Amino acid sequence: MISNGYRQARWLEPTVFELSRSGAVGVDFPELDPELEKSLKNAFKEIPEDLKRNDLGLPELSELEVVRHFTRLSQMNYGVNSGMYPLGSCTMKYNPAISEELVDDERITYIHPLQPLETIQGCLEIMWRLEQILKEITGMARFSFQPAAGAHGEFLGCLIIRAYHRDKGMLHKNVMIVPDSAHGTNPASAAMAGYEVRVVKSDKDGCVDIEMLEKIVDENVAGIMLTNPNTLGVFEKNIDKIVDIIHGVDGLLYYDGANLNALLGKVRPADMGFDIVHLNLHKTFSTPHGGGGPGSGPVGVVEKLVDYLPPPLVEYDEKEDIFYLDYNRPKSVGKIKMFYGNFSVLVKAYVYLLRIGGEGLVKVAETSVLASNYLLHKIRKLKGITLPYAPESPRKHEFVVSLSKLYKETGISAKDVAKRLLDYGYHAPTIYFPTIVEEAFMIEPTESESKKEIDNFYNVLSKIIEEAYEDPEKIKTAPHNTSVGRVDEFRASHPKTMIPSWRIYKTRERV
Amino acid sequence: MIHPYIGLTEEEVKLMLQEMGLDSIDKLFEDIPSRYFLKKSSKYSKPLSEWEVRTHIKNILSKNRVLFYGRLFIGGGVWPHVVPSIVRELLKRGEFYSSYTPYQPEVSQGVLQALFEYQSLMAELLDVEVVNASMYDWGTALGEAFRMAKRVTGRNKILYPHYISPERLEIAETYTEPSKIKLEEYAQNINDGRIDIGDLEEKIGEDVAAVYVEYPSYLGFIPLNIKKAGEIAHDHGALFIIGVDPTILGIFQSPGKLGADIVVGEGQPLGLPMNFGGPLLGIMGCRMDIKLIHQLPGRLIGMTSTIKGERAFTMILQAREQHIKREKATSNICTNQALCAIATAIYLSLLGKNGFKKLGEQILARTKYMMEQLSRIDGVEAPLFKTIHFKEFTYRVKGKNSSKVILEMMEKGIMAGICVGKWFKELGESILTCTTEVHSKEDIDHYVKSLREVLEK
């Protein structure tokens, strides 16, 4: 099998504005009781004319029209539930259905965050129990659940590093080290927290260049932000040296948990010497990405940093057998999110962790690493594909190959191959990242895929490479089997043709 | 170990290792120094079956105390609202929820168009041209708006109203402190909540990047001279930022017409359950001004065409974002609240212009009715601000401690509101309460009757 006969649904689905029919309604409200009606009249009388609204341009649709519209849109979207999604660095594993079902319980959906403590014991207990498991997995002392995403966690982590150094009187520390292969969020988060970013290059093995690190680390360095394994999927073999260098100037090590999947249950960030970690519950612990969010990026810290976590933390009073929220955190960096974070996402991660269990996590790490190396083993033999950096070293949960040879020989780029993969019913890998690899193709199969699926992905890729040498035009014009053909990205962002909303579309139409 | 969430069978593992010429998976971990390996694997639990997990979660949740419907009167940042059934039904489409950020637009038109529609529907509501594809919540959107104002104007000070949400203010402080933005409060009239124009004029100057107003205020009243605050801001070259609970916008004037340059707000009332405080939906938009748009954080979806000229949607202006600009990006935000934005798109499509106006009327009627009823009780001052309120208002009980009132109401099975005196000392023992379309007239009458009983005790 190579072709799975993929044809994505293709509706010429208008926008809700175009579907609007004057007078149609999608919801109804109870008729107002005469007394309420009277109150409404009283209220209306008080509103000054210039504060009344008379124009509202929302479309009008019936309930069924709305259902069909969004059902059709969903059919024009590809998710893990549709097929293999080997988007490197994103850990697109299966999202269990039971999690989706359990968070619809009204004892979650209809609970207000400011209810009296005795009415929210269940919610607090889930947070507390989840924290115990995350502590065990990472070796950290405490966690904050406020961050809504990985980048949000990085921002919090940087603020904690800053608060720690200020507390210790080290006000001069204003530099954050970030590898050239790091996710863009790392330098962006550090900058947001007030740091000057200093980039450390990768060595020939794709790891942090220790010689350079030694040179650029001075008294002003507050810390380093790292993933391990790094974005090439290579384990930072000199992590002990990095720890010594950074700790040597009283700096702290921040662990970006984007790649933790490879080490689950085997190696803990704390044992590698990291001081702060964020976890991407929407990657590693299987909560859905939702087309871009909501996620959750809890931040864990070692004992000496616990005081700086934002309020509140969930505490358990054993004597009274009651869970409570501790707001008394005078050294804290302050709140970074309303209430306690993305609670229903926490529940989903907790459900996943219980389902998979402690020993299951080890299997997750092992099978995700096996799947990745197995696929690499096959792919690296393909014509036009090379494996830059440490060719002898095994990869972890993901790997990055270069298609630059293919590009030179055929004119077919990583982007072209990515688009052609879509035609065969596969999502494309991450492309052009990390930037230290030319024509980068970053593949992460995850532990969810079967050998059969991985083999077929390989077969498809190998067929596309063949096409590249024989019939490149077919690839350059791909994709053909998707809802729409190749999108004009240039026009989309050009100031003269950019359409960020229906309003602007209408104005442009008039012009 | 065989597990439903793991794709490889034991047999397949063997075959794969064989093909690679390896005798065990351990070989793939040999590059990691052995001292890092855990001596014993994480033993927090054995894998539990689906049924066992279900039982466990349901049992923990039964420790939450759930009251009769219509007895929850708490707001303050998250509010009880009706979520039409089909919102969740449609969000449960796996093609939506199990997808990533739409990096490959050709297979992601569904999420892209839905987010474009969210941006467009929200733009209609707010009366601005550009709305991003979501921030985490109102509080973080506010922090980002303040940072954005500094980038746009090159100025360092933000003026915010006295009756701001204390939680949002704290988040904004955390967000702005590293970039040395100074936040300064301006006064509001204690009798009617109007912005103290004299105080604002005194504080504004060449160093002010933006003036911020909440609409309605954290305490539920509408600052009637809101437009004037915008004029003052603009007269001094500052931006005008309005923070909005969008449910008022069926009835009350749009932020766009009030002169807002940047609008932030909370989208949770539009199709999201309370969920113990999250996920929420941070609204953030601005006027179509290239100077503003280039500084706007977050993802933007645009309508464009395919190479062949068919309509299509894709992410636009990515050059502002962290994956391209790194430390020079407008923000670090990557993962956002996309699915929540889709929920809101569904919700707004369902309500339409008439439904949305009706929603406003339903809430306005109940707010007014509840204030009228409470004010008839001897010893109750309701509302504290003599002006228009929407959804929330404050009241005070003479000679009675507010937390005690809340406790005694709880004994009657009512969650009466939040004490706000600790943040706004001048209001004394006051309670912020909230009523929406989820409450029937009987629910409100029951609240009033119960409060009367509490006071008579």
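Lettering of chains follows the sequences in order, A, B, ..., and the numbering in each one begins at 1. Just so you know, these numbers use all the heavy atoms, side chains as well, and skip hydrogens, waters and symmetry mates. All values reported here derive from a predicted model rather than from experimental measurement.
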Looking at B:Val111, is its backbone amide N or carbonyl O close enough to the side chain of A:Asn77 to form a donor-acceptor pair, meaning the two atoms are under 3.5 Å apart?
yes
Hey, are B:Thr140 and B:Asp137 close enough side-chain-wise for a donor-acceptor pair under 3.5 Å?
yes
With a 4.5 Å cut-off on heavy-atom pairs, point out which of B:Pro105, B:Ala312, B:Ser305 contacts chain A the most.
B:Ser305
Is NZ or CZ of A:Lys337 both nearer than 6.0 Å to the six-membered ring centre of B:Tyr136 and within 45° of the ring axis?
no
In terms of heavy-atom proximity below 4.5 Å to chain A, should B:Arg54 be classed as side chain, backbone, both, or neither?
both
Measure the spacing between CG of B:Leu61 and CD of A:Glu106 and express it to the nearest 0.5 Å.
12.0 Å
Heavy-atom proximity to chain A below 4.5 Å, by part of B:Ser349:
both
Considering only heavy atoms and a distance below 4.5 Å, find which of A:Gln75, A:His183, A:Met92, A:Glu37 pairs most often with chain B.
A:Met92
B:Thr174 side chain vs A:Lys335 backbone, donor-acceptor pair below 3.5 Å
yes
For A:Pro30, is it the side chain, the backbone, both or neither that has a heavy atom under 4.5 Å from a heavy atom of chain B?
both
So, A:Ser483 and A:Gln8: side-chain donor and acceptor under 3.5 Å apart, yes or no?
yes
Pairs of heavy atoms under 4.5 Å with chain A: top-ranked of B:Met20, B:Lys308, B:Gln119, B:Lys46
B:Met20
Which region of A:Phe155, side chain (C-beta onward) or backbone (N, CA, C, O), has a non-hydrogen atom less than 4.5 Å from a non-hydrogen atom of chain B, or is it both or neither?
both
Heavy-atom count around A:Lys451 NZ within 6.0 Å, excluding the residue itself: above 12?
yes
Mind ranking A:Ala24, A:Pro294, A:Gly194 by heavy-atom pairs under 4.5 Å with chain B and telling me who comes out on top?
A:Pro294
Non-hydrogen atoms of chain A under 4.5 Å away: do they reach the side chain of B:Phe252, the backbone, both or neither?
both
Which atoms of B:Lys325 come close to chain A, meaning under 4.5 Å heavy atom to heavy atom: side chain ones, backbone ones, both, or neither?
neither
Residue among A:Leu159, A:Asn42, A:Leu32, A:Leu354 with most heavy-atom pairs under 4.5 Å to chain B:
A:Leu354
Identify whether the distance between the nearest side-chain nitrogen and carboxylate oxygen of A:Glu366 and A:Lys363 falls below 4.0 Å.
yes
When A:Arg107, A:Lys419, A:Met76, A:Glu13 are compared by non-hydrogen pairs under 4.5 Å with chain B, the top option
A:Arg107
Test of understanding: with side-chain hydrogen bond (donor to acceptor under 3.5 Å, both in side chains), list the residues that count as partners of A:Glu125, not counting sequence neighbours.
A:Arg129, B:Lys63
In terms of heavy-atom pairs under 4.5 Å with chain B, the winner among A:Val364, A:Ile336, A:Val347 is A:Ile336
Hey, mind stepping through A:Thr430 and B:Tyr103 against side chain to side chain contact (heavy atoms under 4.5 Å, CB included) and telling me if it holds?
CA-CA 9 Å; A:Thr430 297; B:Tyr103 289 130; over 6 Å; no
Cut-off 3.5 Å, side chains only: do B:Asn354 and A:Glu60 have a donor facing an acceptor?
yes
Against chain A, label B:Met303 side chain, backbone, both or neither, depending on which of its atoms sit under 4.5 Å from a heavy atom there.
both
Which bit of B:Thr367 is near chain A, if near means a heavy-atom gap under 4.5 Å: side chain, backbone, both or neither?
neither
Go through the atoms of B:Ile418 and report whether side chain, backbone, both or neither lie under 4.5 Å from a heavy atom of chain A.
side chain
By a 4.5 Å heavy-atom criterion (distance strictly below it), what part of B:Glu12 contacts chain A: side chain, backbone, both, or neither?
both
Most chain A-contacting option - heavy-atom pairs closer than 4.5 Å, from B:Pro80, B:Ser331, B:Ser254, B:Gly355:
B:Ser254
Residues two or more places apart in sequence or in another chain: which of them pass side-chain hydrogen bond (donor to acceptor under 3.5 Å, both in side chains) with A:Asp271?
A:Arg268
With a 4.5 angstrom heavy-atom cut-off, which part of A:Ser74 approaches chain B: side chain, backbone, both or neither?
both
Output yes when B:Arg65 and A:Glu118 qualify as a salt bridge under the 4.0 Å nitrogen-oxygen rule, no when they do not.
no
If you tally heavy-atom pairs under 4.5 Å between each of B:Met410, B:Arg299, B:His323, B:Lys357 and chain A, the highest tally belongs to B:Met410
Interface check, chain A: of B:Pro33, B:Gly277, B:Pro273, B:Gly94, most non-hydrogen pairs under 4.5 Å belong to B:Gly277
Could you look at B:Ala133 and say if it's the side chain, the backbone, both or neither that has a heavy atom under 4.5 Å from chain A?
neither
Between A:Tyr94 and chain B, which part of the residue has a heavy atom less than 4.5 Å away: side chain, backbone, both or neither?
side chain
Under 4.5 Å to a heavy atom of chain B? For A:Tyr374 that would be both
At a heavy-atom separation under 4.5 Å, does A:Leu87 approach chain B through its side chain, its backbone, both, or neither?
side chain
Is a side-chain donor-acceptor pair under 3.5 Å present for A:Glu154 with A:Ser189?
yes
A:Tyr110 versus chain B, heavy atoms under 4.5 Å apart: side chain, backbone, both or neither?
both
Would you please say whether a donor-acceptor pair under 3.5 Å links the side chains of B:Glu117 and B:Gln113?
yes
Quick one: what part of A:Ile504 sits under 4.5 Å from any heavy atom of chain B, side chain, backbone, both or neither?
side chain
Would you mind checking which part of B:Ile74 comes under 4.5 Å of any heavy atom in chain A, side chain (CB onward), backbone (N, CA, C, O), both or neither?
both
Please look at B:Leu67 and chain A and tell me whether the side chain, the backbone, both or neither of the residue comes under 4.5 angstrom of a heavy atom of that chain.
neither
Run the salt-bridge test on A:Asp50 and B:Lys227 with the 4.0 Å N-O cut-off and return the result as yes or no.
no
Side chain, backbone, both or neither of B:Ser62 within contact of chain A (heavy atoms, under 4.5 Å)
both
NZ of B:Lys328: more than 12 outside heavy atoms within 6.0 angstrom?
no
Among A:Met272, A:Gln115, A:Glu63, A:His282, residue most engaged with chain B (heavy-atom pairs, under 4.5 Å)
A:Gln115
Closer than 4.0 angstrom, basic N to acidic O: yes or no for B:Glu124 and A:Arg503?
yes
Proximal component of A:Asn95, with respect to chain B [non-hydrogen, under 4.5 Å]
both
Atom group of B:Arg366 that falls short of 4.5 Å from chain A, counting heavy atoms:
both
Do the charged groups of A:Lys237 and B:Asp31 touch, with an N to O distance under 4.0 Å?
no
Output yes when a side-chain donor or acceptor of B:Thr314 lies under 3.5 Å from a complementary backbone atom of A:Glu489, and no otherwise.
no
Taking atom NZ as the centre, does B:Lys441 end up with more than 12 heavy-atom neighbours from other residues, nucleotides or ligands that are less than 6.0 angstrom away?
yes
Interface check, chain A: of B:Ile60, B:Val13, B:Thr101, most non-hydrogen pairs under 4.5 Å belong to B:Ile60
Less than 4.5 Å to any heavy atom of chain B: does that hold for the side chain of A:Ala190, its backbone, both, or neither?
neither
Need one label for A:Pro479: side chain, backbone, both or neither, based on atoms under 4.5 Å from any heavy atom in chain B.
side chain
B:Ile251 versus chain A, heavy atoms under 4.5 Å apart: side chain, backbone, both or neither?
both
